[in-house]
Amino acid sequence: MKMKWRDGLFSAAGLLVFCAFCAAGATMASDVLVGACIYKFDDTFMKGVRRNMVSEMKKLGGELEVADSQNQQPVQDGQVGAFINKGAKALIVNLVNPVDRAVAASLLEKARAANLPIVFLNREPDAEVMKSYDKACYVGTHAEESGRLLGELIVDYFKGHPEADRNGDGKIQYVMLRGGEGQQDAILRTEFSVKAMKDGGFEVEELASETANWDKAQGAERMKGFIASVGLDRIEAVVANNDSMALGAIAALKAEGYNLGDAAKYIPVVGVDATAPALEAMGQGTLLGTVLNDARSQGAAAVRAAFAAAQGRAIDKETVGYEVTDGKYIWIPYMKVTTENFKRLM
Ligand code: GAL
Ligand code: CA
């Protein structure tokens with residue numbers, strides 16, 4: 001398109017304003033290095049978050065370095081120190097250990113000593129720790145919401161399929177696959193999924209519950225264990241704290257001839273995340289439903305918050321694109337994913 005003189009005038013004026021902005025001490029986009037640590041790269045959901053972080057930073061024009069903390073807190077501590085030493089202007093941390101409040105506190109002290117903003121992501125630090133530093137913020141979700149939606153998926157199914165109550169006792173006999181021990185996401189998804197089944201008008205009986213650390217292979221192992229200990233014919237539902245573990249459970253069910261298309265040999269399995277393999281499994285009818293854990297919004301919000309703060313700008317709706325609560329919390333909503341809407345996410 002041909003440029004009019006007026007446009008030229010505007011861009012010249014824009015350049016002037018921009019230069020004044022730089023002279024006032026603001027950091028240019030290309031000078032912003034954000035250092036990020038992900039608790040481990042080998043986590044299907046966090047892979048999606050990371051991909052979105054990278055693409056968001058490309059749009060913003062800054063530099064993002066992402067480190068794999070390999071599920072080891074000392075490795076992560078070292079990475080944060082290294083980012084500070086190499087001149088990062090903001091930090092993003094997906095904690096390896098969100099359970100011990102001292103861990104987040106010590107990383108926050110490192111950021112404070114260097115006067116750097118620190119954005120915690122996906123694994124929420126203790127509220128008191130968060131309060132102690134005005135340059136700390138958190139991007140994540142309300143886990144109880146995902147728990148509620150997870151339980152509702154089972155309720156909706158049982159309401160529409162009376163035969164799902166296989167022993168006809170009016171109760172839902174379920175097994176639970178839990179995420180990382182002691183982690184908020186795992187505790188709340190477990191608690192609130194059970195509460196949602198009860199709120200939905202069902203009595204429930206927990207046949208077994210084990211942690212499988214958000215992991216597919218461990219999910220398959222635990223499910224095999226459940227099949228051996230409680231018996232396949234007694235299990236009426238599998239509730240998993242995330243999709244990876246749900247898909248592990250489905251692999252174990254398939255090995256027993258279940259969830260392969262025969263209606264008489266089907267056990268509803270639900271998870272959280274709406275990862276690509278989970279949506280595929282919904283298409284195949286092996287996974288009943290999931291809950292969208294919005295990797296795109298979480299990745300984008302974390303990078304935008306870090307980028308804005310690195311340039312000395314406020315973390316608010318304007319800079320981040322999402323509502324900011326108490327000046328430091330960015331909550332990304334969940335969404336129920338069913339056979340009606342899952343294709344839209346693929
Ligand atoms: C959850 C997610 C899980 C796993 C976990 C790691 O939000 O649903 O799949 O990534 O975070 O803490
Ligand atoms: Ca029953």
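In each ligand, atom 1 is the first atom listed, and ligand 1 is the first ligand listed. None of these values were measured; they are calculated from a predicted model.
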Check whether any heavy atom of Arg189 sits under 4.0 Å from an atom of ligand 1.
yes
To the nearest 10 degrees, calculate the angle at the Ca ion (ligand 2) involving OD1 of Asn167 and OE1 of Gln173.
100°
Asp165: which N/O/S atom is nearest the Ca ion (ligand 2)?
OD1
In the protein, what heavy atom is nearest to atom 12 (O) of ligand 1, and what distance, to one decimal place, separates them?
Arg123 NE, 2.6 Å
Donor-acceptor contact below 3.5 Å, side chain Gln79 vs main chain Cys37:
no
Working to the nearest 0.5 angstrom, can you tell me the gap between Gln218 CD and Glu210 CD?
10.5 Å
Atom 2 (C) of ligand 1 [closest protein heavy-atom partner, distance rounded to 0.1 Å]
Asp273 OD1, 3.4 Å
Quick check against the 3.5 Å criterion: does Asp215 have a side-chain atom that pairs as donor or acceptor with the backbone of Ala217?
yes
Which atom of Asp169 is nearest the Ca ion (ligand 2), counting N, O or S only? It is OD1
To which protein heavy atom is atom 4 (C) of ligand 1 closest, and what is the distance rounded to 0.1 Å?
Asp43 OD2, 3.4 Å
Pair Glu152 + Arg148, salt bridge at N-O below 4.0 Å
yes
I want to confirm something. Looking only at heavy atoms, which of Asn213, Asn122, Thr275 is nearest to atom 11 (O) of ligand 1?
Asn122
Hey, which atoms in ligand 1 end up nearer than 4.0 Å to a heavy atom of Asn293?
2 (C), 7 (O), 8 (O)
Below 4.0 angstrom, N of the basic side chain to O of the carboxylate: do Arg101 and Glu128 qualify?
no
Whether the Asp273 and Thr290 side chains hold a donor-acceptor pair (N or O, under 3.5 Å, no angle test) is what I'd like checked.
no
Under a 3.5 Å distance rule, please check whether Thr211 uses its side chain to pair with a backbone N or O of Gly179 as donor and acceptor.
yes
Which residue owns the protein heavy atom closest to atom 1 (C) of ligand 1, what's the atom, and how far is it?
Asp185 OD2, 3.3 Å
Taking 3.0 Å as the cut-off, does Ile172 contribute an N, O or S atom near the Ca ion (ligand 2), distance below it?
no
The Ca ion (ligand 2) to nearest N/O/S of Glu205 less than 3.0 Å:
no
Checking side-chain polar atoms at under 3.5 Å, does Asn52 have a donor or acceptor matched by the opposite partner on Glu56?
no
